[in-house]
Number of protein chains: 2
Amino acid sequence: MDAKRATIKDVARAAGVGVATVSRVLSGGSASARTRERVLAVAAQLDYRPSALGRNLRQRRTGGIGLLVPDLTDSFFGRLAEGVLACARSAGEPVVVGSTGDDPEQEAELIGMLLEQSVDRLIAVPSGDADAWGPAVKAGMTVVFADRLPSEAPGEDDDSAATADLMLLDGLAPAPVARSADLPAVLADDRAGIRTAVRYLSGLGHRRIAFLGGPGHDRRVAAFREAVGSPVDEELVVFATGSRDSAYAAASGLFQSRPDLTAVLAAGNVLGEAAVLAARELDLRVPRDVSLVMYDDVPWAELCAPPLTVIAQPARDIGYRAAELVLRSGSRRPRGVVLPTELIVRGSCGPRR
Amino acid sequence: MDAKRATIKDVARAAGVGVATVSRVLSGGSASARTRERVLAVAAQLDYRPSALGRNLRQRRTGGIGLLVPDLTDSFFGRLAEGVLACARSAGEPVVVGSTGDDPEQEAELIGMLLEQSVDRLIAVPSGDADAWGPAVKAGMTVVFADRLPSEAPGEDDDSAATADLMLLDGLAPAPVARSADLPAVLADDRAGIRTAVRYLSGLGHRRIAFLGGPGHDRRVAAFREAVGSPVDEELVVFATGSRDSAYAAASGLFQSRPDLTAVLAAGNVLGEAAVLAARELDLRVPRDVSLVMYDDVPWAELCAPPLTVIAQPARDIGYRAAELVLRSGSRRPRGVVLPTELIVRGSCGPRR
DNA sequence: GGCATCCATGGAAACGATTCCATCATGGTT
DNA sequence: AACCATGATGGAATCGTTTCCATGGATGCC
């Protein structure tokens with residue numbers, strides 16, 4: 001039989017003090033030097049570790065952080081998660097991770113699960129409506145969004161106003177991000193990033209630039225439309241559903257239906273991968289036949305043939321900052337953070353053929 | 001003020017029954033049809049969700065699953081984690097994830113944290129000694145290893161015996177994996193996979209094959225030695241520490257110090273990436289100057305120039321099966337599982353120059 | 001020297017569930 | 001008719017912690 005873990009009572013008895021004193025000593029309350037010393041000695045000797053269960057029940061909250069991402073298989077979310085984990089570790093907080101598959105239904109289910117666990121701090125890459133977050137905030141959760149904001153609820157009144165507002169914030173300065181239920185967020189500066197990419201392609205002479213997006217890329221496509229300026233050819237804007245297969249199908253369909261396009265902006269690394277694959281399959285040479293810019297830098301972009309020109313985002317930092325935000329929410333709470341992106345020119349873009 | 005969540009007492013009062021009855025109804029105990037119906041109605045109306053906190057305290061365990069991986073940034077562990085998450089979600093269990101950075105110290109710290117949370121089920125890709133898992137099993141945790149087994153503790157008596165034993169299990173049949181503290185594990189069939197790769201390279205005429213490994217690849221390097229047969233040239237076996245930089249340095253150093261090698265077997269996707277990069281940097285052409293096989297298939301392997309020949313592992317399945325194992329541990333417990341690997345020939349290997 | 005203050009301390013009440021146990025009603029059997 | 005078995009039910013204990021409150025001793029100030 002393995003001895004049960006020592007409880008605070010055991011420590012109290014062994015140290016000849018009351019449980020209240022032990023609790024105080026261990027959580028930094030006031031106690032005489034003599035008692036403190038003895039309690040600590042006994043606790044160390046018994047290898048006592050306070051049970052989070054008891055504590056959490058008493059304080060009616062779980063210290064931990066919830067993290068909801070669409071897909072850990074996507075390198076971007078992997079890096080983001082790693083950032084969250086790093087920050088949480090340094091704070092000694094556990095992180096409960098859920099993968100939503102970009103499905104609002106699963107997301108709602110996971111939110112419910114976190115609620116049941118009394119997890120009161122949540123970092124989320126949202127898939128569902130703004131409405132989906134009602135239950136969470138109503139239950140008193142501290143929510144911080146990362147990478148994206150929830151799309152407008154279908155029935156909301158000032159539909160595009162908030163989004164338009166958001167698009168206005170620019171540059172690197174941490175800017176307030178007022179939005180749905182007024183929740184803070186940590187985002188990459190999609191607007192500047194996309195604009196840079198579009199300008200770069202325009203500068204090379206490209207006029208028919210396609211946009212290849214996935215779920216949750218509405219801010220990016222909005223930025224794309226804005227950067228292009230003139231009303232965009234809607235056939236050149238296509239969306240996949242999130243799976244690799246769907247991304248490939250979308251890319252392939254795009255190339256086939258519009259052989260006149262000369263450049264593609266892929267809004268995420270999975271889409272970029274699909275674009276390269278589809279182009280290769282159709283014997284389109286990059287960059288001779290078609291130029292390609294991928295939003296999000298990944299290690300393999302350099303290994304690709306040709307190496308991919310990308311817009312790099314600080315994925316890990318996004319996670320880290322989000323964790324900081326959700327942990328510091330007690331004191332002054334910065335409203336939101338926008339982190340800079342960077343164009344990294346490699347070999348996948350050339351002048352218009 | 002947002003109303004506090006309803007407790008079981010609220011439900012009991014509203015339904016005019018005792019708390020015990022409510023608890024029984026909700027957890028499937030016996031109750032008359034009339035009462036059950038009323039309790040369920042009231043619970044639904046109050047939007048009652050039992051608090052995991054209270055339950056866990058009473059039963060002295062957290063339902064959840066702990067998951068410890070070296071690095072979520074590594075695509076392999078991302079896929080593995082996704083598998084665990086998928087299984088856990090279908091069981092409604094939360095997953096607490098920690099990233100150890102392949103550092104035994106951080107690993108021990110995270111184990112301590114999970115212990116404190118009373119997480120009693122753990123899936124781990126171990127970094128530390130067999131000894132590091134003492135505290136966990138002593139505390140009554142159900143531990144399942146994934147992808148690797150902990151290395152032997154330095155002071156252990158029958159040093160290589162267990163490992164040798166393990167190397168003997170072969171093929172696809174789920175086989176008992178008796179080892180340190182007798183813990184179950186879900187592994188890829190590294191031995192067969194490495195052997196296949198080595199034979200494939202041998203068949204192409206290669207004689208000086210290098211092995212590029214990382215932390216936790218001891219079973220793979222052992223399989224490599226065994227597959228090569230004759231005593232291997234120790235200069236051709238190099239290890240990196242886990243970071244991308246270290247992997248690049250190791251690969252680059254290998255190519256420079258032994259220009260006579262004709263093939264490289266990279267034991268993981270990060271190492272494969274580094275090998276491609278280093279080869280390119282040194283103007284070694286793949287596969288003309290050097291052939292390359294990577295252990296672990298990743299989406300970008302196909303995009304690489306040339307596309308990489310790989311040994312694919314069912315990363316997601318490994319995670320999924322591990323989660324099944326750790327959840328089913330109550331009933332009959334299969335001792336361990338070995339999953340098959342597959343050689344996927346693309347374009348990174350050629351005949352010996 | 002007396003009184004007010006302050007601090008260390010321990011007992012006990014939460015927190016929200018599960019679960020043991022006693023109670024009571026019911027119905028069937030002898 | 002008495003008795004027993006069965007099943008539904010509610011009260012109360014329990015899990016391990018934090019925290020409120022009362023107590024008692026010591027110290028400082030007038």
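Numbers restart at 1 for each chain; the letters A, B, ... are given by sequence-line order, proteins then strands.
Contact annotation: A:Thr21 reaches the phosphate of C:dG10 (side-chain N/O to OP1 or OP2, under 4.0 Å). OP1 or OP2 of C:dA8 sits under 4.0 Å from a side-chain N or O of A:Ser30.
With hydrogens and angles disregarded, no donor-acceptor distance shorter than 3.5 Å links the side chain of A:Arg321 to the backbone of A:Leu187. Remark: side-chain polar atoms of B:Arg5 are paired, donor with acceptor, to backbone N or O of B:Arg49 under 3.5 angstrom.
A straight line from CZ of A:Arg5 to P of D:dC15 spans 15 Å, rounded to a whole angstrom. Here D:dG11 presents its P atom at 13 Å from CD1 of B:Ile8, a figure rounded to the nearest Å.
No contact: B:Ser27 has no heavy atom under 4.0 Å from any strand. Within the nucleic acid shown, B:Gly18 comes within 4.0 Å of sugar-phosphate atoms alone, with no base atom in reach, counting heavy atoms only. Using a 4.0 Å heavy-atom cutoff across all strands shown, A:Ala20 reaches at least one base atom of the nucleic acid. No engagement by A:Leu53 is indicated, since no non-hydrogen atom pair under 4.0 Å with the nucleic acid exists. Among the protein residues, B:Ser51 comes within range of the sugar-phosphate backbone only, with heavy atoms under 4.0 Å from sugar or phosphate atoms but none that close to a base.
With the nearest nucleotide of DNA chain D identified for both A:Val22 and B:Val19, B:Val19 has the one nearer the 5' end. In terms of position along DNA chain D, the nucleotide closest to B:Leu57 lies nearer the 5' end than the nucleotide closest to the other residue of the pair B:Leu57 and A:Leu26. Both A:Val17 and B:Arg49 sit near DNA chain C, but only A:Val17 has its closest nucleotide nearer the 5' end.
Rounded to 10 degrees, the angle separating the terminal helix axes of the helix from C:dG1-D:dC30 to C:dT30-D:dA1, each built from five base pairs, is 50°.
Using modelled atom types and a 3.5 Å distance limit, the side chains of B:Glu82 and A:Ser99 yield a donor-acceptor pair.
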